Amino acid sequence: HVQLVESGGGSVQVGGSLSLSCVASGDTISRYCMGWFRQIPDKEREGVASISPGGEGINYSDSVKGRFSISRDDSKRTLYLQMNRLQPEDTGMYYCAAMYLGNCVGVPEERNFSWWGQGTQVTVS
């Protein structure tokens, strides 16, 4: 089991950048597939990016590919999401999530992740 806490959200102008972090406690994350999700107002939560244990497998949704970058530092139990060239449609609540020893292939799906952070708000205007 892990507990996840996101930080780094905020308000930014169109074209700007933000860097999100997600710190885990309770267990090392080295065996977890980690993912970032977001929930845009009036829409369901969607997968943004995932990274496999060890970091070799990385996947992005088409909407963020080329602009966002996911990474992890297992020694710090931290997951990152670097977001560049932000657009108004990127506005939403961003969540990190963990999946233990699961199939970390493709854009992350909410139903596969068992542990979630409380979210951090990103507003682009």
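On a predicted model such as this, the values are computed, not experimentally measured, just so you know.
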Mark yes when over 12 heavy atoms from residues, nucleotides or ligands other than Glu44 sit less than 6.0 Å from its CD; otherwise mark no.
no
Would you kindly confirm whether Phe68 and Val14 end up in one hydrophobic cluster when ILVMFWY residues are joined by side chain heavy atoms under 4.5 Å apart?
yes
Gln3 CD to Gln118 CD distance, which is reported to the nearest 0.5 Å:
12.0 Å
Which pairs of donor and acceptor atoms, one on a side chain in residues 93-100, lie under 3.5 Å apart (sequence neighbours left out)?
{"residue": "Tyr94", "atom": "OH", "partner": "Arg38", "partner atom": "NH1", "Å": "3.0"}
{"residue": "Tyr94", "atom": "OH", "partner": "Asp90", "partner atom": "O", "Å": "2.6"}

Any Val23 side-chain heavy atom under 4.5 Å of Glu6 side chain:
no
If only atom types and distance count, is the side chain of Arg67 paired as donor or acceptor with the main-chain N or O of Ser63 below 3.5 Å?
yes
Leu18 and Leu86: CA distance, side-chain angles, deciding distance, side-chain contact (heavy atoms from CB on, under 4.5 Å) verdict
CA-CA 8 Å; Leu18 280 175; Leu86 284 160; 4.1 Å; yes
What pairs with Lys76 under salt bridge (Lys or Arg N to Asp or Glu O under 4.0 Å), at least two apart in sequence or on another chain?
none
Examine distances only and state if a side-chain atom of Thr120 and a backbone atom of Gly9 form a donor-acceptor pair shorter than 3.5 Å.
yes
For Ser7 and Ser21: C-alpha separation, side-chain torsions, deciding distance, then whether side-chain contact (heavy atoms from CB on, under 4.5 Å) applies.
CA-CA 5 Å; Ser7 63; Ser21 298; 3.9 Å; yes
So, Gln87 side chain and Arg85 main chain: donor-acceptor pair closer than 3.5 Å or not?
yes
For Ser69, check side chain to side chain contact (heavy atoms under 4.5 Å, CB included) against everything at least two apart and list the hits.
Tyr60, Gln82
Rounded to the nearest 0.5 angstrom, the CG-OG distance for Leu79 and Ser71 is 7.0 Å
Could you pull out all residues at least two apart from Glu110 that satisfy side chain to side chain contact (heavy atoms under 4.5 Å, CB included)?
Phe37, Arg45, Trp116
Are Cys104 and Ser50 close enough that some pair of their side-chain heavy atoms sits under 4.5 Å apart?
yes
Looking at side-chain heavy atoms only, is the closest gap between Gln13 and Val124 below 4.5 Å?
no
Kindly determine whether Leu20 and Tyr80 satisfy side-chain contact (heavy atoms from CB on, under 4.5 Å), including the steps that lead there.
CA-CA 6 Å; Leu20 305 184; Tyr80 303 97; over 6 Å; no
Please enumerate all residues that pass salt bridge (Lys or Arg N to Asp or Glu O under 4.0 Å) together with Asp42, with sequence neighbours excluded.
none
Side-chain contact test, heavy atoms from C-beta onward, threshold under 4.5 Å: evaluate it for Tyr32 versus Pro53 and give yes or no.
no
Flag the pair Met83 / Val122 as yes when at least one side-chain heavy-atom distance between them is below 4.5 Å, and no otherwise.
yes
Test of understanding: clusters of I, L, V, M, F, W, Y form through side-chain heavy atoms closer than 4.5 Å, transitively. Do Leu101 and Trp115 belong to the same one?
yes
Across all chains, not counting sequence neighbours, the side-chain hydrogen bond (donor to acceptor under 3.5 Å, both in side chains) partners of Ser125 are none
Strictly distance-based, threshold 3.5 Å: is any side-chain N or O of Ser17 a donor or acceptor partner for the main-chain N or O of Asn84?
no
Which residue, Ile58, Thr78, Ile29, forms the side chain to side chain contact (heavy atoms under 4.5 Å, CB included) with Arg72?
Ile29
Would you mind telling me which of Ile70, Val2, Leu4 makes a side chain to side chain contact (heavy atoms under 4.5 Å, CB included) with Met34?
Leu4
If you look at every heavy atom in Ala49 and Leu81, which pair is closest and at what distance?
CB-CD1, 4.4 Å
